[in-house]
Amino acid sequence: MLAGRERALATVDLGAVRHNVVRLASLLPPGGKLCAVVKANGYGHGAVAVAEAAQAAGAAWLGVATVDEAAELRAAGLAGPLMIFGALTGSELQNAVTADADVSVWSERFLIEAQKVGARLHVKFNSGMGRLGADAATAERLAVAAAASGRLAGLMSHFATADEAETSYFNLQLDRFLDLATKLKQRFPEMIAHTANSAATLREPRAHCDMVRTGIAIYGLAPANDDPFKDDLRPAMRLSSYIADVRVVRPGESVGYGRRFIAECETRVAIVPIGYADGIARSLTDRGTVLIGGHRCAIKGTISMDQLTVELPGAVGKPGDEVVFIGLGNDQRILAEEVAQLLGTINYEVVCDVGPRVARRYVGAESAA
Ligand SMILES: *Cc1c(COP(=O)(O)O)cnc(C)c1O
């Protein structure tokens, strides 16, 4: 009926992804590599399309969290170095090798399993994140054993506080990592040392080492959930729906579950066919705003699974108009960072929550980076 509109649409600007990758790579020392992190379906943006754009812009590596994510990239024809960050079961480890993906190792037990199937290994050192990872002595033993069988690919660690203003713990972790990396690189110069996420990449050249693993910033989102533009990052995702109908609600009448919105005066309300199953958090009820024709309008009443309602000021909005949840509209914009602040979470979660029911449309695939 409403030609040209998608019920729920994430428009992903691959030109922005390429710009962000080039921008991040420009910070690196000569020969420094960038691993584009495309786990969780490319932070909701679509892993395959983002991986292709990142490689076109010079990303040498791709990083994912799970073996199925690695297999998806290979099935789509993506070649080149690929690594899986997370823990793997025995059958997942076998599938990782089949997908020609490197894996991380932090225990003797896993090393034995990984060597049986011939996996290429990145020793994961716990420099202070306090999740997975070996202590320095164990990491060294694992590296020596992996190198003996010709399967040592890297030494890695991960920061707990790279996005925080206070830098002492970050620096402690970095010093621990650099100590171990320097020591091991003397013995195994081919091994790549990598520890920087997006925040560390933007903040601290000493953390760049041989490779950085950038996720959030390649999507144009700010690692500290503040302002992506201050780092010359371009947000890649626009999330939108459309006005399916406009109703006039009379005083005393209510809209939606729980009668959370009861009109005090005659009010125009837009019904928008997108809901929490698409990733518009239910807790944005009565708090979120959207852009319609460049105007900020308030979400009113309970957000349902498949629908929500927006109060329309004045004459704004008619059936078929676009409703923007994340993105630009005239001189107004809603950033994922703003939505995250409203929700008491971070931009990472806002984009990861954009569900499989939301169509992805890619633009900017052809233009130069
Ligand atoms: C997710 C992840 C990254 C990317 O972190 P960003 O903050 O999104 O840049 C890097 N390394 C590891 C091990 C990760 O799991």
Side-chain angles (χ1 to χ4, degrees), residues 16-17 20-21 23-25 27-28 32-45 47 50-51 54 59-70 73 81-88 96 101-106 121-134 139 153-164 170 173-174 177 181 192-204 207-226 228 231 233-237 336-337 340 345-354:
V17 173
N20 297 326
V21 169
R23 155 89 185 114
L24 292 161
L27 303 172
L28 305 182
K33 293 184 168 66
L34 185 142
C35 172
V37 181
V38 294
K39 61 192 179 187
N41 195 28
Y43 292 41
H45 293 65
V50 170
W61 281 71
L62 299 172
V64 293
T66 73
V67 70
D68 289 348
E69 292 172 341
L73 295 176
L82 167 62
M83 78 164 294
I84 302 170
F85 301 141
L88 299 171
D102 291 17
V103 304
S104 64
V105 59
W106 61 91
L121 299 167
H122 297 248
V123 174
K124 193 188 276 261
F125 167 49
N126 175 22
S127 61
M129 174 60 109
R131 300 186 309 199
L132 300 176
L155 175 75
M156 66 187 293
S157 193
H158 197 41
F159 291 110
T161 62
D163 56 335
E164 290 177 15
F170 171 80
Q173 278 197 270
L174 178 56
F177 182 76
I192 57 170
H194 50 100
T195 189
N197 55 6
S198 296
T201 300
L202 289 164
R203 161 186 281 187
E204 177 53 88
H208 293 166
C209 302
D210 300 313
M211 180 166 83
V212 298
R213 303 185 308 263
T214 47
I216 199 78
I218 71 171
Y219 306 98
L221 301 170
N225 203 63
D226 49 11
D231 286 312
L233 299 172
R234 287 190 202 151
M237 187 192 286
E337 286 79 5
T345 182
I346 52 176
N347 46 6
Y348 293 72
E349 191 179 28
V350 170
V351 287
C352 282
D353 276 353
V354 174

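One-based numbering, in listed order, for ligands and for the atoms of each.
Looking at atom 4 (C) of ligand 1, its nearest protein heavy atom turns out to be Tyr43 OH, 3.5 Å. In terms of protein heavy-atom proximity, atom 12 (C) of ligand 1 is nearest to His158 CE1, 3.5 Å. From the protein, the heavy atom lying nearest to atom 7 (O) of ligand 1 is Tyr348 OH, 2.6 Å. For atom 11 (N) of ligand 1, the closest heavy atom belonging to the protein is Arg213 NE, 2.8 Å. Here the protein heavy atom with the shortest distance to atom 14 (C) of ligand 1 is Lys39 NZ, 2.9 Å.
Nearest heavy atoms, Phe85 versus Ser104: O-OG, 3.0 Å. Listed here is the closest heavy atom pair of Ala200 and Ala207: CB-CB, 4.3 Å. The two atoms that bring Gln173 and Met129 nearest to each other are NE2-N, 3.3 Å, heavy atoms only.
The shortest N or O to N or O distance between Thr214 and ligand 1 is not below 3.5 Å. Annotation: Ser198 places an N or O atom under 3.5 Å from an N or O atom of ligand 1; distance criterion only. At a 3.5 angstrom cut-off on N or O pairs, Ile216 counts as close to ligand 1. At a 3.5 angstrom cut-off on N or O pairs, Val37 does not count as close to ligand 1.
Counting heavy atoms from C-beta outward, Asp163 and Phe170 have side chains that stay 4.5 Å or more apart.
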Carefully, step by step, assess Ile216 and Asn347 under the rule side chain to side chain contact (heavy atoms under 4.5 Å, CB included). CA-CA 9 Å; Ile216 199 78; Asn347 46 6; 4.1 Å; yes
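Judged by distance alone, with hydrogens and angles left aside, the side-chain atoms of Thr214 form no donor-acceptor pair with the main-chain N or O of Ala36 at under 3.5 Å. Glu349 places no side-chain N or O within donor-acceptor distance of the main-chain N or O of Thr345, the cut-off being under 3.5 Å.
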